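Here is the structure we will look at, set down as structure tokens.
The chain is numbered in sequence order, starting from 1. As a basis for the values below, the full set of heavy atoms in this structure was taken, side chains included, without hydrogen atoms, waters or symmetry mates. Quick caveat: nothing in here was measured; it's all calculated off a predicted structure.
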Amino acid sequence: SNYGPARNRHYPRYAGADYVSMPRAPVSDEILIQLSGPYQPDYEFGSDDLDAVWDYLHYGTLRMQGDEASYANFLSQNAVVDDAVGAVWQALERLEMLDDTVVVYSSDQGNLFGQHGSWGHTIWFTPAHLHEEALQVPLIVVYPDGAQGVRSDRLVGQYDVAPTLLQLAGIDGIDFAGSPGSSFAATVRGEPEKDLEPAAVYFEQEETRGLRTARYAYWKRPADLGPPRLYDMQADPGQTRDLYPKLKDTELVKQLDGMLAAFFSAHSDPAYDLWQGGVAKGTTPKPGMWLERNPWPWLKKYWRDWVSKPPRPASFADDDTGEMRDPG
């Protein structure tokens, strides 16, 4: 949907722009090494051949990298979203509801758009990357009579959003068992924060997990999947220089590594923790491709316990026993 010219009224506005935030970097070698066959111009997406599907997606990345029409396409689609937000805002004004409404603008994830020689989600890499562009998402909160035009440097994770919205809505007594989330409602209201700012936010993408402090980004994979990564986000916000090889034996890395281990020890669910023999909830087609190229032990378990099962509905929930169940 991003390749080539877009079919929306905003596209001409962005065609021929400078695209200063979308670099034309060379395609990442880590994308190229994952291609298993030649480009198939007549390929129809949806084949049961997982290698062909994965190649189709990666070749799409190659075609969009540096393609100005695709860059303008992406920017025009952002404008479509802005239009929709404006329509919602105008409806709230028309219904005289703005004084009673908290408006939150965010997204589920970021993406790479030329950065690091790739396009799309960092799961395109094997093992997955945790680049800042794919993790950092917009978070704009408009609260009636709250802080106006304030930009906060407080570290916020997506697990903080639910307790914040509940507090802003005056709803008490809701407990998210095992969640590390904390409310940032005071910041939204323009009040002093009673609690200390979190030292870090944490995240993972399948086999790769990481943390972000005010200064550093640190990722880690199981040892057989490659070394950790460390970036100084103040000196190198584009994450172009991995400091881990130089600093791996320092107290800094030991501290970050300890923080990461303690967080997931406290908050991960063993059933879904790949590091503890669990099965990831998402991206079920990918392990087949991993397994063929990288026969790591935990992938064999993943393949046996998950991918080889009959297809499941797109969504499912846990029952009280902790076992998965189909919603229907």
Side-chain angles (χ1 to χ4, degrees), residues 28-34 36 50-51 54 58 109 112 116 118 120-135 157-159 178 180 200-213 216-231 233 239 241-309 322 324:
S28 169
D29 290 344
E30 294 182 72
I31 293 292
L32 296 175
I33 63 175
Q34 294 180 75
S36 63
L50 294 181
D51 278 330
W54 209 235
H58 280 117
Q109 66 183 57
L112 302 177
H116 310 287
S118 186
H121 202 288
T122 56
I123 201 173
W124 271 197
F125 298 91
T126 302
H129 284 208
L130 295 178
H131 287 302
E132 187 89 347
E133 294 89 352
L135 298 175
Q158 285 182 319
Y159 43 66
V201 289
Y202 299 82
F203 31 77
E204 68 177 350
Q205 182 70 56
E206 275 79 31
E207 73 285 346
T208 307
R209 55 182 45 165
L211 64 83
R212 173 73 151 85
T213 70
Y216 294 103
Y218 177 68
W219 323 336
K220 190 175 184 181
R221 293 89 175 238
D224 56 343
L225 304 190
R229 299 278 189 95
L230 173 66
Y231 297 97
M233 300 304 298
Q239 294 180 310
R241 298 184 297 277
D242 177 16
L243 301 178
Y244 180 78
K246 183 171 67 174
L247 302 179
K248 62 182 179 180
D249 296 322
T250 63
E251 287 300 317
L252 170 64
V253 169
K254 292 178 183 177
Q255 178 187 8
L256 296 174
D257 198 77
M259 292 169 62
L260 192 66
F263 177 87
F264 282 96
S265 175
H267 299 292
S268 68
D269 184 334
Y272 307 120
D273 188 342
L274 288 174
W275 292 54
Q276 303 298 326
V279 176
K281 286 186 176 182
T283 325
T284 55
K286 188 178 177 184
M289 292 164 260
W290 288 340
L291 185 63
E292 182 177 340
R293 296 176 174 84
N294 306 288
W296 302 303
W298 67 265
L299 281 177
K300 293 181 179 179
K301 172 178 172 54
Y302 197 149
W303 179 264
R304 182 182 69 248
D305 293 352
W306 184 257
V307 181
S308 59
K309 289 183 178 180
M324 294 178 187

## Note on the structure
So CG of L252 and OH of Y244: to nearest 0.5 Å the spacing works out to 11.5 Å
### Close side-chain approach of E132 and M233, heavy atoms under 4.5 Å
yes
### Query
For W219, which of E204, R209, R229 qualifies under side-chain contact (heavy atoms from CB on, under 4.5 Å)?
R229
### Query
How many angstroms lie between atom CZ of R212 and atom CG of L135, to the nearest 0.5 angstrom?
9.5 Å
### Query
Which residue, Q205, H121, Q158, forms the side-chain contact (heavy atoms from CB on, under 4.5 Å) with Q109?
H121
### Message
Nearest 0.5 Å, please: how far is OH in Y231 from CZ in R241?
### Response
10.5 Å
## Note on the structure
When every non-hydrogen atom of D257 is compared with those of Y218, the smallest separation belongs to OD1-OH, 2.7 Å
### Query
Which value, rounded to the nearest 0.5 Å, describes the distance between M259 atom CE and T213 atom OG1?
6.5 Å
### Message
To the closest 0.5 Å, what do you measure between CZ (F263) and CG (L211)?
### Response
9.5 Å
### Query
Looking only at heavy atoms, what is the nearest atom pair of E30 and F125, with distance?
CB-CD2, 3.7 Å
## Note on the structure
Tightest non-hydrogen contact, residues R221 and W275, listed as C-CH2, 3.5 Å
### Task
Using the test salt bridge (Lys or Arg N to Asp or Glu O under 4.0 Å), find all partners of K254 that sit at least two apart in sequence or belong to another chain.
E251
### Task
Determine the minimum heavy-atom distance between Q239 and A217, stating which atoms define it.
NE2-CB, 3.7 Å
## Note on the structure
Separation between CG (L230) and OG1 (T250), nearest 0.5 Å, reads 7.5 Å
### Message
How close do V253 and K248 get, counting heavy atoms only, and between which atoms?
### Response
CG1-O, 3.7 Å
## Note on the structure
All heavy atoms of T208 vs all of P127, minimum pair found to be OG1-CB, 4.1 Å
### Query
Taking Q34 for the side chain and H58 for the main chain, is one N or O donor matched with an acceptor at less than 3.5 Å?
no
